[in-house]
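Here's the structure we're looking at; comments come further down.
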Amino acid sequence: MAFLSVKKAKRMLAILSAVLAHCAEASDKMLLDSLLADGTISYSEASNAAKLLSESVQIKNPETKSISLSGGIQAQFMASGVQSEELSGKSSARKGFALRRAVITAKADLSDSWRAKMSLDFSLSNKFLGTFIAKKIDSEHLSGELRMGYDKVKFMFEENTSAFRQLCAERSLATRYWCLEKGERRPGFGSFSTGVFWNGKIPEIEGFEYGAAVSNTENYNLYGSKGDIPNFWLNASLSKKIGKDSGFKAGINMGYGADANINDSSECSSTWGINPYLAVNFGTWISVAEFVISGIDDSCSDLSGLSKNTFPFGINFTLEKSFYISENIGRIAPVARFSYLYTDGNGVLPSDVIKWGANVSGDFPYNEAFSIYVGANWYLEGESIKFQLGYEYSEFSGGTSSAGSPPRHRLRADTLRAQLQILF
């Protein structure tokens with residue numbers, strides 16, 4: 001179909017609206033013929049309207065009440081360099097353009113209580129985001145939604161904030177350490193899992209929400225799990241609005257998996273995690289603070305080479321201030337974030353926690369890391385059209401050095417990101 005001018009497109013939408021409004025009284029063809037005969041529309045406009053109507057989505061299942069489609073695209077440029085203090089200033093770098101996300105989401109309501117969601121990200125290897133069947137329950141003693149399928153467990157506030165609503169171009173090193181897939185050093189505790197999820201409310205307590213979930217031991221796994229005992233998750237939060245533009249949300253996320261620490265196909269041990277957080281909106285200010293700590297039994301990635309119980313912890317603090325410029329320009333919002341990670345001997349390399357981060361050849365894992373992100377968000381049309389530009393300084397230290405002198409075991413990473421997103 002040929003592209004229409006804005007003026008013609010608006011006119012075509014008005015024509016289609018008229019067709020849909022009168023479809024109960026006459027067929028589409030009869031109505032178009034009538035509008036054409038009295039001179040309301042031209043022959044070419046009638047032809048284009050007929051094409052659009054013939055291409056409209058048809059709901060095949062008569063039990064389906066409604067179907068909605070939405071999506072989002074993020075395109076990013078990244079330049080990252082790392083330099084080792086220990087290895088005689090040895091460095092490594094990566095840069096380039098990437099399609100960060102390409103998401104399409106379909107939602108279907110089958111009744112007032114049953115619904116389904118399928119979300120795909122074509123930039124991922126397994127392609128799936130939240131995909132589940134949901135049943136709404138609203139009784140005298142129980143109110144909420146029960147989900148079964150593939151969804152995020154409530155662990156790490158930043159992780160459970162939509163990727164299209166992040167204040168920084170990428171999630172922090174602490175969040176990525178816990179919530180990416182299980183790795184040689186990462187615990188893989190949080191984010192997308194397959195299981196059963198309950199999200200509930202207590203009507204008598206305004207703003208109070210709680211939830212529970214039972215999931216497979218491996219995140220980012222659509223089917224199967226190496227551990228025999230599933231993971232269990234609990235969460236609770238309280239939200240309160242203060243005035244017109246202010247409010248807060250405080251909560252805690254918890255998880256436990258008896259087999260969550262998967263060492264190999266025949267050996268698993270337990271992992272637990274606690275994640276309290278506080279998010280505050282105060283006019284044009286947004287601040288988010290969270291803390292996370294885990295206990296990992298018989299960790300097999302200890303920097304000393306021995307298995308032991310470890311207790312890694314992390315901190316995130318993010319602050320954004322928004323300035324409205326004009327209707328045409330939108331809002332400009334400077335943003336800053338501090339993140340800290342202590343692995344307690346599990347170790348970490350830049351590639352473990354920095355998206356597309358590079359490692360220095362021959363380097364050893366580090367025991368801790370921190371990062372400082374500074375940048376600005378340009379909200380041209382709110383979150384629907386947003387441009388993000390940010391620089392992040394990261395420093396890794398501690399652990400076993402090649403020279404046997406831990407104080408010298410230090411590395412810095414500099415990362416610049418520019419990202420454009422659109423929601424539809």
Side-chain angles (χ1 to χ4, degrees), residues 152-160 171-195 212-221 224-235 252-277 290-316 339-354 364-371 396-400 406 409:
K152 278 188 178 181
V153 296
K154 294 292 180 65
F155 193 76
M156 297 296 292
F157 181 84
E158 189 180 48
E159 176 67 17
N160 277 272
R171 292 183 172 97
S172 72
L173 56 83
T175 299
R176 292 176 63 82
Y177 177 77
W178 265 272
C179 296
L180 288 183
E181 67 275 8
K182 170 74 174 177
E184 182 181 355
R185 290 164 292 274
R186 292 190 304 256
F189 196 68
S191 197
F192 285 106
S193 299
T194 305
V214 180
S215 73
N216 288 344
T217 58
E218 294 178 81
N219 59 356
Y220 295 96
N221 194 329
S225 189
K226 292 181 180 178
D228 296 325
I229 305 174
N231 292 349
F232 299 91
W233 309 87
L234 294 171
N235 67 85
I252 186 169
N253 302 314
M254 298 175 288
Y256 173 77
D259 286 349
N261 182 31
I262 305 166
N263 297 337
D264 55 45
S265 59
S266 61
E267 182 182 355
C268 299
S269 58
S270 67
T271 299
W272 57 262
I274 300 175
N275 169 225
Y277 62 87
E290 66 177 321
F291 174 77
V292 57
I293 185 170
S294 282
I296 307 175
D297 290 348
D298 299 324
S299 178
C300 63
S301 298
D302 179 41
L303 293 173
S304 67
L306 302 174
S307 292
K308 69 168 189 175
N309 297 347
T310 60
F311 300 90
F313 67 87
I315 298 169
N316 287 328
S339 183
Y340 175 76
L341 169 65
Y342 176 73
T343 72
D344 194 24
N346 286 314
V348 64
L349 286 171
S351 63
D352 295 325
V353 292
I354 298 176
F364 291 79
Y366 299 84
N367 192 37
E368 60 186 316
F370 76 86
S371 68
F396 297 75
S397 60
T400 303
H409 192 224

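Just so it is clear, the values below take in all heavy atoms, side chains as well, and ignore hydrogens, waters and symmetry mates.
One finds the CZ atom of Phe155 at 11.5 Å from the CG atom of Asn219 (value rounded to the nearest 0.5 Å). Atom-to-atom distance recorded for Arg176:CZ and Glu158:CD is 10.0 Å, nearest 0.5 angstrom. Atom CE of Met254 and atom CD1 of Ile274 lie 7.0 Å apart (nearest 0.5 Å). Phe291 CZ to Asn275 CG: the interatomic distance, rounded to the nearest 0.5 Å, is 9.5 Å. From Ile229, atom CD1 reaches atom CG of Asp259 across 4.5 Å, with rounding to the nearest 0.5 Å. Rounded to the nearest 0.5 Å, atoms CG (Asn261) and OG1 (Thr271) are 4.5 Å apart.
Considering all non-hydrogen atoms of both residues, Lys152 and Glu159 come closest at NZ-O, 2.6 Å. When all heavy atoms of Gly257 and Asn231 are compared, the closest pair comes out as CA-OD1, 3.1 Å. Closest heavy-atom contact between Pro230 and Ser215: CB-O, 3.2 Å. Contact between Gly347 and Arg185 at its shortest, heavy atoms only, is O-CB, 3.2 Å.
In this structure Ser294 satisfies the side-chain hydrogen bond (donor to acceptor under 3.5 Å, both in side chains) test together with Trp178, sequence neighbours excluded. Scored by the side-chain hydrogen bond (donor to acceptor under 3.5 Å, both in side chains) test, Asn316 finds Ser172, Thr175, Glu290, Ser339 as partners (sequence neighbours excluded). Every residue meeting the ring-ring contact (aromatic ring centres under 6.0 Å, His included) condition with Phe192, not counting sequence neighbours, appears here in chain and number order: Tyr150. Under the ring-ring contact (aromatic ring centres under 6.0 Å, His included) criterion, Phe157 pairs with Tyr277, not counting sequence neighbours. Not counting sequence neighbours, the partners of Asn221 by the side chain to side chain contact (heavy atoms under 4.5 Å, CB included) test are Glu218. With sequence neighbours excluded, no residue forms a ring-ring contact (aromatic ring centres under 6.0 Å, His included) with Tyr220.
For the side chain to side chain contact (heavy atoms under 4.5 Å, CB included) with Val348, the qualifying choice from Val353, Leu303, Leu173 is Val353, the only one to do so. Across Trp233, Tyr177, Trp272, a single residue satisfies ring-ring contact (aromatic ring centres under 6.0 Å, His included) together with Phe189, and that is Trp233. Of the listed residues (Pro365, Ser371, Pro350), just one forms a side chain to side chain contact (heavy atoms under 4.5 Å, CB included) with Phe396, and that residue is Pro350.
In this structure a side-chain-to-backbone donor-acceptor pair under 3.5 Å is present from Ser269 to Asp297. Although no hydrogens or angles enter the test, the distance criterion places no donor-acceptor pair under 3.5 Å between the side chain of Asn346 and the main chain of Arg186.
Using modelled atom types, one finds a donor on one side chain and an acceptor on the other under 3.5 Å when comparing Asn367 with Thr343. With no hydrogens or angles considered, no side-chain donor-acceptor pair links Thr194 and Asn216 at under 3.5 Å.
Between Phe313 and Tyr342, the ring planes are tilted. Angles from 30° to 60° get that label.
Taking the ring centroids of Phe232 and Tyr256, they lie at or beyond the 6.0 Å cut-off.
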